[in-house]
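These notes concern the structure reproduced below.
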Amino acid sequence: MDIRSNFGKIVNWDCLPKGNFNCYMFAVMNTIPTEVLEYVDIISGMPVLRSLIDEHTPYYFADIGQISGNTCYTNSNELIEALKCDFETLGLSVEECNSNTPVPEGHIKIAFYYNTHGLSRGKHSNFHFARQDGDKWFHKLGWIGSIKQLDYPIEEFLVYNLDLMGYFLLTLNHNRT
């Protein structure tokens, strides 16, 4: 199954079970079971993904680096690189931007937050994402929380003990089919 197949589609998030996806999957508009990189096909260049879903784990989930297998990061630069590797594995092009960058048609913009205090010890920690739709920002509150619209500018959005790591524009990489 191509994990990219739902990118950019209009999704009624209220119809999906709230506990089946986290803020990361909400941010990248993934509504299909999460998969991780098994290997890259040397002929087609396409990622071959292995589903993490079975009858005992019916979740749409992801941790930073989980999708690409790039889970060893000990500083902010490595963390951002792991995130970008996830996006690339999903077949998404990524560009760093700022909160005021316009969102071109066919793109989504996300804000990424992370608790960086344990990174130097190799400890992975809490993270959060918000996604811009039109001129509004939305985020999903944890695993079982609802999707909420921010009632204030994204620059004023504070997530407990998390640092803003950056804003990113994402689009499908049309060089991969």
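Because only heavy atoms are used, hydrogens play no part in the values below, and waters and symmetry mates are left out as well, while side chains stay in.
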With the side chain counted from C-beta on, respond yes when Cys97 and Val103 share a heavy-atom pair under 4.5 Å apart, and no when they do not.
no

Ser68 and Glu88, any side-chain heavy atoms less than 4.5 Å apart:
no

Any link between Tyr167 and Val94 through a network of hydrophobic side chains (Ile, Leu, Val, Met, Phe, Trp, Tyr) touching at under 4.5 Å?
no

Taking 4.0 angstrom as the limit, do Lys84 and Asp86 come out as a salt bridge?
no

Here the gap from Phe127 atom CZ to Thr116 atom OG1, rounded to the nearest 0.5 Å, amounts to 15.0 Å

Does Leu83 belong to the same Ile/Leu/Val/Met/Phe/Trp/Tyr cluster as Leu162, with side-chain heavy atoms less than 4.5 Å apart forming each link?
no

Heavy atoms only: give me the nearest Leu119-Ser76 pair and the separation to one decimal.
CD1-N, 3.8 Å

CE on Met165 to CD1 on Ile64, rounded to 0.5 Å:
10.0 Å

Passes side-chain contact (heavy atoms from CB on, under 4.5 Å), Leu141 versus Lys148? Steps please.
CA-CA 7 Å; Leu141 303 170; Lys148 301 286 185 188; 3.5 Å; yes

If you define the side chain from C-beta out and look only at heavy atoms, does anything of Tyr114 sit under 4.5 Å from Val159?
no

Correct closest heavy-atom pair for Lys140 and Gly145 would be NZ-O, 3.2 Å

Do Val28 and Phe87 touch side chain to side chain, with heavy atoms closer than 4.5 Å?
yes

Is there a side-chain contact (heavy atoms from CB on, under 4.5 Å) between Ile108 and Arg131 once you walk through the steps?
CA-CA 7 Å; Ile108 60 174; Arg131 185 182 75 226; 4.3 Å; yes

Tyr160, OH: over 12 other non-hydrogen atoms inside 6.0 angstrom
no

Which heavy atom in Cys72 sits nearest to a heavy atom in Glu78, and how many Å separate them?
O-OE1, 4.3 Å

So, for Ile80 and Glu96, which heavy atoms are closest and what is the spacing to 0.1 Å?
CG2-OE2, 4.1 Å

Among side-chain atoms of Asn98 and Thr101, is any donor-acceptor pair under 3.5 angstrom?
yes

Residue pair Asn77 / Asn75: nearest heavy atoms and the distance that separates them:
N-OD1, 3.0 Å

Test side-chain contact (heavy atoms from CB on, under 4.5 Å) applied to Leu172 and Leu92, step by step:
CA-CA 4 Å; Leu172 286 176; Leu92 302 173; 3.6 Å; yes

Locate the shortest heavy-atom distance separating Ile110 from Ala27; write the atom from each residue and the value.
CG2-O, 3.6 Å

What I'd like to find out is whether the side chain of His107 reaches to under 4.5 Å of the side chain of Leu170, using heavy atoms alone.
no

Quick one: CG on Leu79 to OG1 on Thr71, what's the gap to the nearest 0.5 Å?
12.0 Å

Between Lys109 and Trp137, is there a side-chain heavy-atom distance shorter than 4.5 Å?
yes

With ring-ring contact (aromatic ring centres under 6.0 Å, His included) as the test, pick out the partner of His139 among Phe26, Tyr113, Phe112, Phe157.
Phe157

Where the side chain of Gln149 meets the backbone of Asp151, is there a donor-acceptor pair that is under 3.5 Å apart?
no

The reported gap from CZ in Phe138 to CD1 in Ile154 (rounded to nearest 0.5 angstrom) is 11.5 Å

When rounded to the nearest 0.5 angstrom, what is the spacing between CG in Leu164 and NE2 in His128?
12.0 Å

What's the separation between atom OG1 in Thr171 and atom CD in Glu105, rounded to the nearest 0.5 Å?
10.0 Å

